[in-house]
Amino acid sequence: MAPANQHQAPTGTRDLYPADAARRRFITEAWRGASVRHGFEEVDGPTFEHLDLYTVKSGQGIVSELFSFQRTGGEKTYALRPEFTPTLARLFAARANALPKPSKWFMAGPFFRAERPQRGRLREFLQWNVDFLGLAGDPKTPEELTRATAAADAEIIATCVSMLAMLGLGPREVRVKINHRRALGDWLGSRGLPEARHAELLTLLDGKGKMPPAEFAARLAAFGFSPEQAEIFQKGIIRTTVDDPASAKGDTVLDLTFFSQAVAPLSEQLAQAGILDWVDFDLSIVRGLAYYTGMVFEVHEASGGERAIAGGGRYDNLVELFGGPPTPAVGFGMGDVVLSLVLQDRGLMPTDAKLAEAAGLRPDVFVIPNGLPESEAMVRPLVATCRASGLHARHTYRTTRNVGKLLQEAGAARARFAAIIEGAAGVTLKDLETGQQTEKPVPPGEVPARVAAGRPGFTPASPSR
RNA sequence: GUGGCCAUAGCUCAGUUGGUUAGAGCACGGGAUUGUGAUUCCCGGGGUCGCGGGUUCGAGUCCCGUUGGCCACCCCA
């Protein structure tokens, strides 16, 4: 793409020009806002770790999927972080005794995976991670444990939903698909499926979209499911209500009573959070075969055309695996790539002008000389005075002395005020939104205060304009 | 790692069976216009046509390789 003496960005990375950086900020600020509203505190870790940290959980097979390296002359092998959970577990394990229970943490930052880019996937991306570590109320009885677990699970899902809602997405645009690993496993066991074959079935469920329905049904038959039952799995979605959490009870084709009862406490909590109408219970949500021990969920665009917007679940064994005390935990991750695609496709990404305003990038004042040499000499001092007062002040870099052109530039920069220097007579302040301007020039020294006050004593603009 | 499609200005694209010095719109800069954000008009900077090789009197155009992009597979923590 470029001549030999030029450089290009590595595969799967992005260059961010001002408008791109503004869009990225829009997303990260929404992440941060939802996290803070729900009482999560920000943490972070290194962007690279010892390679071993990632093989503990995922095995050696993971190595080919990540960027690993050694320092020249060094012996230790590092890897750019492909996910946050191992770092999170490491952080929590190191100070577990001193940390409050529960601890509610979030982070947002860059992650790296050495995979071939395609729609919704890059090699460098941003990811928002939200985790609820420990449980409220030191539950002792099974009933207390069930209630506290469901409450934490629902809080995590609610935080995710809250962020999507703030961006203008609703239950018609995105669906939260929830499954329950342990309930599914118990149910399969009750049907007589040996535990050794559960993983095999999960893999099959996970891959249902990549094979014809007939093949899916045929392979389910090997697990003792009838074609009618296979169709239930094919559709996947199970409705539950708070009034009748076991509403699938009457389903004689696929007796899901066990499953429905297992997710009833979560349904109740989701209803209390006011987000049950965002949710489908879906037996085909598997989330790989990794470390999830209970509830798992993914957020998908309703049309199903995109990859998952977010995914997560309960991982009660992981902190212990990384050397901490046994700690129940639940969390999720959301990447910026698919989310951006969904927002763009739905027209929910604000215009550049609105992004600049939301990010606080609008200039307070744009200083314009009226063409006299003495006025031009006053531009930089006035700009400096305004900036020293804490104002966002700009001036032109153009050579033109055409005041109309310069006002146009001030407007294009979305400045709130234009300050037209009239030489020794002073400065005319113009409100660029209302078109009003000061009747008589004001002394330069008064400009910062008048701009800051937002009421610089305007009179209506002349009708001649 | 495998496969398909694609690559001309910052962006969107045109470029005839291979034929002179590669074009348009938008964007950007200057001017018409030392005094008020519009409209209009004029002018200008910008490209070794992704890169390298081959065929040919002649290649943006045809062939091969390569790099990059998009899409799918694998995988998805």
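Computed from a predicted model, the values in this text were never measured in an experiment. To find a chain, count down the sequence lines: A is the first, B the second, and so on, and within it residues start at 1.
- The separation of B:C57 from B:A24, taken at their C1' atoms, amounts to 32 Å, rounded to a whole angstrom.
- Atom OH in A:Y291 sits about 7 Å away from atom P in B:A77, given to the nearest Å.
- Separating the OH atom of A:Y17 from the C1' atom of B:C11 is a distance of 12 Å, rounded to the nearest angstrom.
- Side-chain atoms of A:R398 lie closest to B:G29 of the nucleotides B:U36, B:A38, B:G29.
- Each of A:K405 and A:I421 lies near RNA chain B, and the nucleotide nearest A:K405 is the one positioned closer to the 5' end.
- Across all strands shown, B:G69 is found opposite B:C5 as a Watson-Crick or G-U wobble partner, with both distances under 3.5 Å.
- Interface remark: the A:N402 side chain does form a donor-acceptor pair with the B:U33 base, using a distance-only criterion of under 3.5 Å.
- Side chains of A:W105 and A:S35: a donor-acceptor N/O pair is absent below 3.5 angstrom, by distance only.
- Contact of A:R401 with B:U33 (side chain to base): no donor-acceptor pair of N or O atoms is detected under 3.5 Å.
- A salt bridge is defined here as a Lys NZ or Arg NE, NH1 or NH2 lying under 4.0 Å from an Asp or Glu carboxylate O, and A:R181 with A:D153 fails to meet this definition.
- Comparing B:G19 with B:G58, their P atoms are spaced 14 Å from each other, to the whole Å.
- Here, B:U40 and B:C26 have their P atoms 9 Å apart, quoted to the whole Å.
- For A:Q437, the side-chain atoms get nearest to B:U36 when compared with the rest of B:C75, B:U36, B:G37.
- At whole-Å resolution of the value, CD in A:E115 and C1' in B:C75 are 6 Å apart.
- More than 12 heavy atoms of other shown residues, nucleotides or ligands fall within 6.0 angstrom of atom NZ in A:K101.
- At whole-Å resolution of the value, CG in A:L16 and P in B:G10 are 19 Å apart.
- Separation of the P atoms belonging to B:A38 and B:G29 is 13 Å when rounded to the nearest angstrom.
- The nearest heavy atom of RNA chain B to A:L432 and to A:L372 marks one nucleotide each, and the one closer to the 5' end goes with A:L372.
- Using C1' as the reference atom, B:C51 and B:U8 are 14 Å apart when rounded to the nearest Å.
- Relative to the ring axis of A:F223, A:R197 places its NZ or CZ within 45° and under 6.0 Å from the centre.
- One can find a donor-acceptor pair under 3.5 Å joining the base of B:A77 and the side-chain atoms of A:R113.
- Nucleotide B:A24 has B:U12 as its partner under the Watson-Crick or G-U criteria, with both atom distances under 3.5 Å.
- Side-chain polar atoms of A:T77 and A:Q70 form a donor-acceptor pair below 3.5 angstrom.
- Taking only distance into account, the side chain of A:K430 meets the base of B:G37 through a donor-acceptor pair shorter than 3.5 Å.
- To the nearest angstrom, P of B:C76 lies 21 Å from CD1 of A:I309.
- For the pair A:F417 CZ and B:G37 P, the computed distance is 18 Å after rounding to whole Å.
- Residue contacts shown for A:G12 are limited to sugar-phosphate atoms, with no base heavy atom under 4.0 Å away.
- Comparing the same atom, C1', in B:G30 and in B:G46 gives a spacing of 14 Å after rounding to whole Å.
- Taking 4.0 Å as the cut-off between side-chain N and carboxylate O, A:E376 and A:R401 count as a salt-bridged pair.
- Atom P of nucleotide B:G68 and atom CG of A:L122 are separated by 15 Å, given to the nearest angstrom.
- Salt bridge annotation for A:R121-A:E115: present, with a cationic side-chain nitrogen under 4.0 angstrom from a carboxylate oxygen.
- Of the candidates B:A77, B:C75, B:A38, B:A77 carries the atom nearest the A:E83 side chain, counting heavy atoms from C-beta on.
- For A:Q408, taking side-chain heavy atoms from C-beta onward, the closest of the listed nucleotides B:A38, B:A72, B:A77 is B:A38.
- Residue contacts shown for A:I420 include a base, since a base heavy atom lies under 4.0 Å away.
- When distances run from any side-chain atom of A:P117 to the nucleotides B:G37, B:A77, B:C70, the shortest one goes to B:C70.
- Between A:T11 and B:G69 there is a side-chain N or O to OP1 or OP2 distance below 4.0 Å.
- In this structure, A:K104 forms a cation-pi arrangement with A:F40, its terminal cationic atom sitting closer than 6.0 Å to the ring centre and no more than 45° off the ring axis.
- Within the shown strands, nothing qualifies as a pairing partner of B:U33 under the Watson-Crick or G-U definition with both distances less than 3.5 Å.
- Listed nucleotides B:A77, B:A72, B:U36 differ in distance to A:Y292; the shortest reach to its side chain belongs to B:A77.
- At a threshold of 4.0 angstrom between heavy atoms, the contacts of A:G411 include nucleobase atoms, whether or not backbone atoms are also involved.
- Nucleotides B:A9 and B:A22 place their P atoms 14 Å apart, quoted to the nearest Å.
- Comparing the C1' positions of B:G54 and B:C41 gives a spacing of 50 Å, expressed to the nearest Å.
- For the pair A:R116 CZ and B:C5 C1', the computed distance is 13 Å after rounding to whole Å.
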